[in-house]
Protein chains: 2
Amino acid sequence: MLAHAQASPTFDTARASALRNAPAPSASSLEGHLSRAPLRSFGAKEHVFTEGDPRANLYRLESGAVCLYKVMPDGRRQVLGFAYAGDLIGLGSSAEHQFNAQATKNSELRILPWSLAQRIARTDPEFGFKLYEAAAQELAAAHDLLLTTGQRTAMESLAAFLLAMARRGRRAKDGHTIIDLPMTRSDIGDFLGLTIETVSRTFTKLRQLKIIDLAQCTQVHVLDMDALEDLAQGEAG
Amino acid sequence: MLAHAQASPTFDTARASALRNAPAPSASSLEGHLSRAPLRSFGAKEHVFTEGDPRANLYRLESGAVCLYKVMPDGRRQVLGFAYAGDLIGLGSSAEHQFNAQATKNSELRILPWSLAQRIARTDPEFGFKLYEAAAQELAAAHDLLLTTGQRTAMESLAAFLLAMARRGRRAKDGHTIIDLPMTRSDIGDFLGLTIETVSRTFTKLRQLKIIDLAQCTQVHVLDMDALEDLAQGEAG
DNA sequence: CGAACCATTGACCACCTTCAATGCGAGTGG
DNA sequence: CCACTCGCATTGAAGGTGGTCAATGGTTCG
């Protein structure tokens, strides 16, 4: 019998936390090169790149937030994740980007041309391995999201999502956690594979269950963290 | 206005094709080390590793097929992908495996301890970059699957899945493609986020629409490839 | 031959979507 | 200052897609 370890509902969209968690805090080669790379600003709603663009650069988000998504011909959208400060953007193996990256607010990114990156990778053994760790981190996040879109109900999805956001926000106040949601209901819906109406209704249900409280629609107070965790794992009715 | 490039319904589960497509056919370092790594056999239904196991080894599948999946506490299962000969298994950034890998038939895998891999990566610049490319390839597959589980209908999902399988099988006969499905309806369902009943019913509908024909339940004849492609992109009723 | 597993089909129903109306807040211009 | 608009969130009603439960048939294996 297979020992089913708990599937952790992390959605850890921290794309380069492998980097941040590096055992050696001495500036890694990737870190070193990136910190010297030129900085560019993007306005809210501006695209860093779109699907089909040549994959010319590796980016690191310095400030702001970026939404990664795919679209179908009829406009249906799947959000793949959100990037925050410190995250690498533009990892991939093909010649062209396979998804879109759009700043959700004013953002600053460091830009490292892939041509240069490949040159570095050829001489610096650590560099390629750092890239690998960042990609593997993203892969784990994608796998977590797959569990949600494929198996979880709307309630379970939103609970798992809120837990993941709580884990990166972690602003505690008078006992219970406060979560800031720097994205719209539409972003959340397209992330979880739900409509905005379902997202909104599920927020309402969570409020009625006294599990969360909504100060504004962008700020969630977690009243019962245990219940939220049970919900995310499908252990509640 | 954003130029919406066609979202390619690939599901390219070929995990290490970055490797196979390497421009230099000269044995890469990864290739070289792996070809010298010890070989181990796994019987059908045997697990290569399970979620929570220490991530001790990097594997390459030499023959057979391996199913990668996550499970929820109540038994719901999400298949993340299928690995075939040549694919790398066991990529990740955490200390423990975050999903299960189960041989679906008798399989042989080469085993390279991560401790050794990290030592190689420290000296061989190409090695880490190859790992990165393999991880990025898997990431793209996961993103494609997300589009399916998150946005596509059952019909669209199955069409996209069949197209992806056709792309890797490609056995043509008297004009139309033949697809072999080396997995059960349950595997397909858990992959696409559907139940086996829905998968079965959707196969039946595709047959009634004269888009496919089912010789056996494991062999699909594609009668109308264009219609299948339209379906996968949501461009048909 | 029986057992076990898998696939198919049917009936029913629940969850989520769709369509629609309302409310709310920010930004803009009269 | 206020009316207007626009975008976003919420809520309601109706409908459909896919899930659940159940029965049947086919295939493989012991």
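The CE atom of A:M155 sits 17 Å away from the P atom of C:dA14 (whole-angstrom rounding). Rounded to whole Å, atom P of D:dG18 lies 15 Å from atom CD of A:Q151. Remark: C1' of D:dC8 and CG of A:D190 are 14 Å apart, rounded to the nearest angstrom. With rounding to whole Å, B:L192 atom CG is found 16 Å from D:dT17 atom C1'. As rounded to whole Å, 12 Å separates atom C1' of D:dT17 from atom CD of B:E156. Between the P atom of C:dT18 and the CG atom of A:D74 lies a distance of 10 Å, rounded to the nearest Å. We find that CZ of A:R185 is positioned 12 Å from P of D:dC8, with the value rounded to whole Å. A straight line from CG of A:D187 to P of D:dG7 spans 15 Å, rounded to a whole angstrom.
B:E156 places a side-chain N or O within 3.5 Å of a backbone atom of B:T153 that can act as its donor or acceptor partner. Looking at B:K70, its side chain does come within 3.5 Å of a backbone N or O of B:Q98 through a donor-acceptor pair. Formation of a donor-acceptor pair under 3.5 Å by the B:Q102 side chain with backbone atoms of B:K45 is found in this model.
For the pair A:S200 and D:dT10, the criterion of a side-chain N or O lying under 4.0 Å from OP1 or OP2 is met. Within the 4.0 Å cut-off from OP1 or OP2 of C:dT17, at least one side-chain nitrogen or oxygen of A:T195 is found. Put simply, B:R207 has a side-chain N or O that comes within less than 4.0 Å of OP1 or OP2 on C:dT9. At the phosphate of D:dG7, neither OP1 nor OP2 sits under 4.0 Å from any side-chain N or O atom of A:T184.
For the atom pair CZ (B:R76) and CG (B:D190), the distance works out to 11.5 Å, reported to the nearest 0.5 Å. A distance of 12.5 Å separates CZ of B:R60 from CD1 of B:I111, quoted to the nearest 0.5 Å. Atoms OG1 and CZ, on A:T104 and A:F82 in that order, are 8.0 Å from each other to the nearest 0.5 Å. Distance CG/B:L163 to CG/B:L231: 9.0 Å, rounded to 0.5 Å. If you take CD on A:Q233 and CZ on A:R152, they are separated by 6.0 Å, rounding to the nearest 0.5 Å. Separation of atoms OG1 (A:T177) and CG (A:L223) is listed at 10.0 Å; rounding is to 0.5 Å.
For A:T198, the side-chain atoms get nearest to C:dC16 when compared with the rest of C:dC6, D:dT11, C:dC16. Taking every side-chain heavy atom of A:R201 into account, D:dG12 is the closest of D:dG12, C:dA11, C:dT8.
Note on B:G189: nothing from the nucleic acid sits closer than 4.0 angstrom, heavy atoms only.
For the side chain to side chain contact (heavy atoms under 4.5 Å, CB included) with B:L162, the lone residue among B:L206, B:I188, B:V222 that qualifies is B:L206.
Scanning residues 208-221 of chain A for heavy-atom distances under 4.0 Å to DNA chain D yields A:L214, A:C217.
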Given Watson-Crick and G-U pairs under 3.5 Å, DNA chain D in dot-bracket ([ ] crossing, | other strand) is ||||||||||||||||||||||||||||||

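For A:A154 and A:E197, each mapped to the nucleotide of DNA chain C holding its nearest heavy atom, the one lying further toward the 5' end belongs to A:A154.
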